[in-house]
Amino acid sequence: MNTQVTDRSGGNELGTSLKPRHITMISIAGVIVAGLFVGSANAIKLAGPAVLISYTLAGLLVILVMRMLGEMATAQPDTGSFSTYAERALGRWAGCSIGWLYWLFWVLVIPVEATAAAVIMAKVVGGPQWSWALLVVVLLTVTNLLSVGNYGEFEFWFALIKVLAIVAFLVLGVLAILGLLPGSGVSGVHHLWDTGGFMPNGASAVIAAMLTTMFTFMGSEIVTIAAAESPEPAKGITRAVNSVVWRICLFYLGSIFVVVALVPWNSLDSATGSYQAVLTAMNIPAAAGIMDVVVLVAVASCLNSALYTASRMLYSLAQRGDAPRAAGRTTSRGVPAVSVLASMLLGFLAVIGNYVLPEKLFGYLLATTGAVALFVYLVIALSQIALRRRATEPSPLRMWFFPWATYAVIAFIVFIIVAMIIDPSQRSAVGLSTGLAVFVVAASLLHQRRMERRSASASS
C-alpha cells in the first residue's frame, strides 16, 4: 500500500517522517485540549456532579465516530481523511463542503489559541498581548514549514507535558480523596451529593452541559490525517483508535471525577478553572503558576495542530481540484508550504480581528463554526455506511455492531442538533453554523457543475 499522497499538481509528495511515537502522542494530544483545563468549569456549573454523565455521553459519541473513521482510514489512509471518504461515498460536493468547513474551523481556532497564549505570557512575563500572539504564531509556522517531523516533535513534547500534568493531577486527587495527601484541605467524595444532590439542576442541565463539552473532543480525528505522513499509517491509526476508550475514560472522566468529588460544584469560577480550584484546595504551592504553564502548553499544542490540520486539509482539497492548485504543491521536504502559509495568514488576520473588531462581531465569526464538529461526525457516519456496503474486502479495523451502532450515532447527532436549537444559549451557534454550511454546500455544488461542464467541453 502506498502510504504517501500523490501530488497531482506537479510538486513533490507529502513526507512520511512522522514516527510511531509522534503518531501515538498526536492521538493523545488530540484528546487533551485547553478546554479540558479551563472550560470544564462551565460544564460543571451547569450540571453539577452529573456532568460526569455529560462527559460520558459526549465521549461515547466520539469513541464510536473514531471507530467509524478508523475503519475507513485503515483501509485507505489519506491526508484528506473524512473529506476524501465523503467524496468517495457521497459525491464530490460532500467532500468539498466538509473539507472547507473543517479548514475554516481550524483557521478560526488559530486566533482563539494565539490570544489565549498571549494573555498568559503577558500576565507572566509582561509586554503587549499582540506581540506574544505574533511570536507564537510565527514560531509554530516556521516549525511547520521546515518539515512534518518538526510538527510531530513539537506535538510529542507538548503531549508528554499534558499527559504528565493529568497523571500528576489524578495521583494527587486520588491521594486527597483517600485522605493520604499531607496538608490537603479536602478529602473524600461527599461533594458528589452534598450540594443539592448528584443532579442538582435536573436532566436538562446534563444535556446542556453535554453541548458545551461536545466540542472539547474536537481534535481526536487529527491522528487519521497525520498518520498519512507516517511509514505505517494503518498501524498507527489502529493503535490510536483502539486506545481512544481508555484515553477518554482516564483523562476526561477520571480528572473530572476528582474535581467534582473534592470541591463543591457551585464554588467553581470559570475564570480560574476547575483544576486550579482543586489544586488550591489541596494546598498545592504555586497552583496558579502550575496551571498557567499547563494551559500554555495545551494552547500551544492546539495552535500547532490547528495550523498543521488546516494546511493538510487545504492541501488535500487542492489535490482534488477543489482549492487553488498552488496549495497542492510541496517543498523538497514534503511540506505543503503554500497551504501552511495561507492557513497561517488567514488565521493571523483573524488574530488581528480579535483585537480590532468589536467583541460581539468576532464572537459571531467564531459561532459560525459552533456546530461544525457535529456536521463532521454526521458526514463520517454517512460515509462509513456507504463505503462499508461497497467494500469488497474487510478493513483491518471494523465498526462495532454495524449498521445499528452507526444508525444510533446518526440519531444521537440529530438529537444533539435539535437540543442546540432548543437551547437559547446554543441557538445562534447552530443557526450560524447551518447558514455557513448551506453557503459552502451551495458553492461546492456550483463548483462541481462548473468542473463537469469543463470536463465535458474538453472531451468533446
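Below, each value reflects all heavy atoms present in this structure, side chains not excepted, and no hydrogens, waters or symmetry copies.
- Counting only residues at least two apart or on different chains, the salt bridge (charged side-chain N to carboxylate O under 4.0 Å, His left out) pairs with a member in residues 82-94 are Asp78-Arg88, Glu87-Arg320, Arg92-Asp322.
- Among all heavy-atom pairs drawn from Thr143 and Leu140, the shortest one is OG1-O, 2.8 Å.
- Although no hydrogens or angles enter the test, the distance criterion places no donor-acceptor pair under 3.5 Å between the side chain of His447 and the main chain of Ala323.
- Counting heavy atoms from C-beta outward, Leu146 and Val335 have side chains that stay 4.5 Å or more apart.
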Legend entry - side chain to side chain contact (heavy atoms under 4.5 Å, CB included) between Arg67 and Asn242, intermediate numbers included: CA-CA 8 Å; Arg67 188 77 187 186; Asn242 286 336; 3.0 Å; yes
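- The salt bridge (charged side-chain N to carboxylate O under 4.0 Å, His left out) contacts involving residues 369-396 comprise Glu71-Arg388, where partners must be two or more places apart or lie in separate chains.
- Ring geometry for Phe412 against Phe415 counts as parallel: the plane angle stays under 30°, on a 0 to 90° scale with 60° as the upper cut.
- Remark: side-chain polar atoms of Tyr85 are paired, donor with acceptor, to backbone N or O of Gln76 under 3.5 angstrom.
- Surrounding CH2 of Trp246 are more than 12 heavy atoms belonging to other residues, nucleotides or ligands, all under 6.0 Å away.
- Closest approach of Val430 and Arg427 over heavy atoms only: CG1-O, 3.2 Å.
- One distance of note links CH2 of Trp93 with CG of Leu445; it measures 7.0 Å at 0.5 Å rounding.
- In this structure, OG1 in Thr238 is found 5.0 Å from CG in Leu397, a value given to the nearest 0.5 Å.
- Put simply, the side chain of Gln319 gets close to the backbone of Gly328: a donor and an acceptor are under 3.5 Å apart.
- Residue Val376 forms a side chain to side chain contact (heavy atoms under 4.5 Å, CB included) with just one option from Leu378, Leu374, Val372, and that option is Val372.
- Within the 4.5 Å cutoff, side-chain heavy atoms of Cys302 are placed close to those of Trp106.
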Inset, instruction - Output, in order, the C-alpha distance, side-chain angles, deciding distance and verdict of side chain to side chain contact (heavy atoms under 4.5 Å, CB included) for Met66 and Val223. - result: CA-CA 10 Å; Met66 283 296 294; Val223 68; 4.0 Å; yes
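- Side chain of Ser301 to backbone of Glu155: no donor-acceptor contact under 3.5 angstrom is found.
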Inset, instruction - Go through Ile385 and Phe402 one step at a time and tell me if the side chain to side chain contact (heavy atoms under 4.5 Å, CB included) criterion holds. - result: CA-CA 8 Å; Ile385 289 175; Phe402 179 83; 4.2 Å; yes
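- Listed by first and then second residue, the salt bridge (charged side-chain N to carboxylate O under 4.0 Å, His left out) pairs that reach into residues 38-65 come to none, sequence neighbours excluded.
- Counting heavy atoms from C-beta outward, Ile248 and Tyr55 have side chains that stay 4.5 Å or more apart.
- Shown here are the side-chain hydrogen bond (donor to acceptor under 3.5 Å, both in side chains) partners of Asp292, two or more places apart in sequence or in another chain: Lys123.
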Inset, instruction - Apply the test side chain to side chain contact (heavy atoms under 4.5 Å, CB included) to residues Leu314 and Trp100: give CA-CA distance (whole Å), side-chain angles for both, the deciding distance (0.1 Å), then the verdict. - result: CA-CA 8 Å; Leu314 184 58; Trp100 278 111; 3.6 Å; yes
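- Rounding to the nearest 0.5 angstrom, the gap separating the CG atom in Leu211 from the CG atom in Leu57 is 10.5 Å.
- When all heavy atoms are compared, the tightest approach of Ala89 to Leu387 is CB-CG, 3.7 Å.
- Between atom CE of residue Met68 and atom CD1 of residue Ile63 there is a gap of 12.0 Å, rounded to the nearest 0.5 Å.
- Across Val137 and Ala114, no two heavy atoms sit closer than the pair CG2-CB, 3.8 Å.
- How far CD1 of Ile44 is from CG of Leu268: 5.5 Å, rounded to the nearest 0.5 Å.
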Legend entry - Stepwise side-chain hydrogen bond (donor to acceptor under 3.5 Å, both in side chains) test for Ser54 and Thr213: CA-CA 7 Å; Ser54 305; Thr213 62; 5.7 Å; no
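- In this structure the side chain of Leu69 reaches within 4.5 angstrom of the side chain of Phe82, judged on heavy atoms.
- A side chain to side chain donor-acceptor pair (under 3.5 Å) with Glu452 is found for exactly one of Arg449, Arg450, Gln448, namely Gln448.
- Taking all atoms of both residues into account, the shortest heavy-atom contact from Ala86 to Ser383 is CA-OG, 3.3 Å.
- Between the side chain of Ser243 and the backbone N or O of Ala240 there is at least one donor-acceptor pair closer than 3.5 Å.
- For Phe169, the ring-ring contact (aromatic ring centres under 6.0 Å, His included) criterion is met by Tyr275, not counting sequence neighbours.
- What you find for Ala94 and Leu90 is that their closest heavy atoms are CB-CB, 3.7 Å.
- Under the ring-ring contact (aromatic ring centres under 6.0 Å, His included) criterion, Tyr151 pairs with Tyr308, sequence neighbours left out.
- Between Phe375 and Ser433, some side-chain heavy-atom pair lies under the 4.5 Å cut-off.
- The distance from atom OG of Ser81 to atom CD1 of Ile98, rounded to the nearest 0.5 Å, is 11.0 Å.
- Not one N or O on the side chain of Arg325 forms a donor-acceptor pair closer than 3.5 Å with the backbone of Ala318.
- Proximity of Leu303 to Ile110: side-chain heavy atoms (C-beta onward) are separated by under 4.5 Å at one or more points.
- Contact of the Arg312 side chain with the Val340 side chain is registered, since non-hydrogen atoms from C-beta on lie closer than 4.5 Å.
- Ring orientation note: the planes of Trp404 and Tyr407 are nearly perpendicular, at an angle over 60° on the 30°/60° scale.
- Side-chain atoms of Asn304 and Asn144, non-hydrogen and from C-beta on, do get closer than 4.5 Å to each other.
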